[in-house]
Q: 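Pasting a structure here, questions to come.
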Amino acid sequence: MLTVKNVEVVYNDVIQVLRGVSLTVEKGRITALLGANGAGKTTLLRAVSGLLDIHDGEVTKGQIELGGRAIHGWQPAKIVSAGLGQVLEGRRVFAEFTVEENLRIGGHTRRGGLNDSIEEIYQLFPVLKERRRRTAGYLSGGEQQMLAMGRALMADPQVLLLDEPSLGLAPRMVQQIKDLVVKVNQERGTTVLLVEQNAMMALSIAHHGYVMEQGKIVMDDDAEKLMDNEDIRDFYLGRG
Ligand code: ATP
C-alpha cells in the first residue's frame, strides 16, 4: 500500500537525518514505527506526506509509493487526494473552531455526503458527538487526539499516518486511543502507520513493526516477535 525505498532526507542542505530508509506498510494492517527521540520518525512521515518543504527539508534520494504510484515531489493536498491521511504530532486541531467545524474542514475535499461522513465519525467517537458544539481548544488532550483522527478520517484515507497519538496522555486515555486505532483499522479497513515512542502500546496493536535508530531501520519483524526480542525489551519496553 505504502512503500518507502532507500529514502534519504537532508535538512537545510546539510543535516542528513534519514540515511536510506526502506519500509513497507501492508494494506489493511497496522504497522508500527518505533525509535527513540530524534531517530527520524517524524521526518519520515513528513517525507511521505509532502511536508518536508515547509521544514526546510528535502528528499535527496529514494522513492515513495502510495498504492503503486510514485508520490514523491507531489504537493501535500494532492497526496491527501491520493488517499493519505495524517495526524501530526501534537494533534493540531483548529482550536478556535468547534468540533463539528473541524470535521467539516477535514471533509472539504469531498464532493458530497458530508453529513453522512460526520455521522460515521460520531459513531466511531461518540464523545465527539457530545462535544460537537464545543470549541476544540477547550477539549481534553485525549479528545483533541480523537478529533484530529476524526478530521483526518473525514477525507476517507486508505492509509492513515499517526504521529505519537499517545504522547502526553494519561494511561486510561492511551488505552482508549489504542482501542480506537484498532477500531478504525478493523471497521473501516484503514491501513495505519503508527509512529510511537510508547513501544508497548504500539506493538500490542500492530501486526508488524520497524525500529529506527539514527536515521536507519535497524530491525523489523512481526509485532509479536519484536515484543519477545530481548534487545527491544531492554531498550524500548523497559524491564520488570
Ligand atoms: P521525536 O520523537 O522527538 O519527534 P523523531 O524520531 O520523530 O523524534 P525527528 O523529529 O524526525 O525525530 O528528528 C530527527 C532529527 O532531525 C533530529 O536530530 C532533529 O533535530 C532533526 N530535525 C528535525 N526537524 C528539523 C528541521 N526542520 N531542521 C533541522 N533539523 C531538524
Side-chain angles (χ1 to χ4, degrees), residues 2-25 30-64 71-76 79 84-93 141-142 144-145 148-149 152 159-171 173-174 177-178 181 192-206 208-221 223 226 229 231-232 234-238:
L2 173 68
T3 53
V4 172
K5 286 184 208 154
N6 206 21
V7 163
E8 297 186 0
V9 168
V10 171
Y11 283 113
N12 303 307
D13 294 329
V14 281
I15 312 161
Q16 183 166 9
V17 170
L18 297 189
R19 303 159 188 278
V21 171
S22 299
L23 60 79
T24 304
V25 178
I30 300 176
T31 300
L33 176 59
L34 314 175
N37 233 323
K41 306 179 299 295
T42 299
T43 299
L44 180 73
L45 295 190
R46 286 176 186 160
V48 170
S49 55
L51 293 175
L52 269 177
D53 274 12
I54 55 169
H55 296 276
D56 294 318
E58 193 192 350
V59 175
T60 51
K61 205 175 157 196
Q63 284 129 34
I64 302 171
I71 57 170
H72 168 213
W74 290 14
Q75 290 298 312
I79 297 176
L84 188 99
Q86 73 159 337
V87 180
L88 298 168
E89 196 173 1
R91 44 189 165 264
R92 288 173 221 159
V93 295
Q144 288 191 21
Q145 181 63 48
M149 277 170 68
V159 181
L160 185 63
L161 311 182
L162 297 173
D163 198 354
E164 309 239 12
S166 78
L167 194 71
L169 300 183
M173 205 26 103
V174 173
I177 295 292
K178 213 168 101 165
V181 175
V192 176
L193 176 58
L194 173 62
V195 165
E196 267 295 339
Q197 277 188 51
N198 185 340
M200 189 56 101
M201 178 276 201
L203 291 177
S204 68
I205 59 171
H208 200 85
Y210 287 84
V211 180
M212 189 184 259
E213 273 173 25
Q214 298 180 356
K216 284 189 169 161
I217 300 294
V218 292
M219 205 184 295
D220 88 274
D221 212 334
L226 284 178
N229 182 296
D231 293 339
I232 299 285
D234 281 350
F235 194 80
Y236 294 101
L237 305 178

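Model, not experiment: these values are computed from the prediction. Numbers for residues simply follow the sequence, beginning at 1. Remember, it's 1-based here, ligands and their atoms both numbered in the order they're listed.
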Q: Rounded to the nearest 0.5 Å, what's the gap from OG1 on T42 to CG on L88? Could you check?
A: 9.0 Å
Q: How about atom 29 (C) of ligand 1: does it have a protein heavy atom within less than 4.0 Å?
A: yes
Q: Which residue holds the protein heavy atom closest to atom 4 (O) of ligand 1, what is that atom called, and what is the gap in Å?
A: T42 OG1, 3.2 Å
Q: Nearest protein heavy atom to atom 11 (O) of ligand 1, by residue and atom, and its distance?
A: T43 OG1, 2.5 Å
Q: For atom 9 (P) of ligand 1, is the nearest protein heavy atom under 4.0 Å away?
A: yes
Q: Using a 6.0 Å cut-off, check whether atom CG of N12 has over 12 heavy atoms from anything other than its own residue.
A: yes
Q: Could you work out, with side chain to side chain contact (heavy atoms under 4.5 Å, CB included) as the rule, every residue matching I79, not counting sequence neighbours?
A: I71, W74, L84
Q: Quick check on E89: does its CD atom have over 12 non-hydrogen neighbours (other residues, nucleotides or ligands) under 6.0 Å away?
A: yes
Q: With a 6.0 Å cut-off (strictly less than), is the heavy-atom count around NZ of K216, excluding the residue itself, greater than 12?
A: no
Q: Would you kindly specify which portion of M212 sits under 4.0 Å from ligand 1, judged on non-hydrogen atoms: side chain, backbone, both or neither?
A: neither
Q: Which ligand 1 atoms does A39 reach within 4.0 Å, using its non-hydrogen atoms?
A: 5 (P), 6 (O), 12 (O)
Q: Among the heavy atoms of G38, does any lie under 4.0 Å from an atom of ligand 1?
A: yes
Q: Look at atom 2 (O) of ligand 1 and find which of E89, Q197, E196, H55 reaches it with the closest heavy atom.
A: Q197
Q: Is a donor on one side and an acceptor on the other found under 3.5 Å between the side chain of K41 and the backbone of A36?
A: yes
Q: With a 4.5 Å limit on heavy-atom distance, are the side chains of I205 and L194 in contact?
A: yes
Q: Answer with side chain, backbone, both or neither: which part of N12 has a heavy atom less than 4.0 angstrom from an atom of ligand 1?
A: side chain
Q: Side chain of T31, backbone of L193: donor and acceptor closer than 3.5 Å?
A: no
Q: Identify the protein heavy atom lying closest to atom 23 (C) of ligand 1, giving its residue, its atom name and the separation to 0.1 Å.
A: Y11 CE1, 3.5 Å
Q: Below 4.0 angstrom from a heavy atom of A36, which ligand 1 atoms are there? Numbered from 1 as shown, please.
A: 6 (O)
Q: Counting from 1, what ligand 1 atoms have a heavy atom of E164 closer than 4.0 Å?
A: 2 (O)
Q: May I ask you to decide if D221's main-chain N or O and H208's side chain share a donor-acceptor pair within less than 3.5 Å?
A: yes
Q: Does even one non-hydrogen atom of G215 get within less than 4.0 Å of ligand 1?
A: no
Q: Where on V17 is there a heavy atom closer than 4.0 Å to ligand 1, on the side chain, on the backbone, on both, or on neither?
A: side chain
Q: About how many Å separate CE of M219 and CG of D231, when rounded to the nearest 0.5 Å?
A: 5.5 Å
Q: Considering only the protein, which heavy-atom contact is closest to atom 1 (P) of ligand 1, and what is its distance?
A: N37 OD1, 3.5 Å
Q: Give yes or no for whether the N/O distance cutoff of 3.5 Å, strictly under, is met between G40 and ligand 1.
A: yes
Q: Is the side chain of Q16 donor-acceptor paired with the backbone N or O of L18 at a distance under 3.5 Å, no angle test?
A: yes
Q: For ligand 1, which atoms have a heavy atom of R46 less than 4.0 angstrom away?
A: 24 (N)
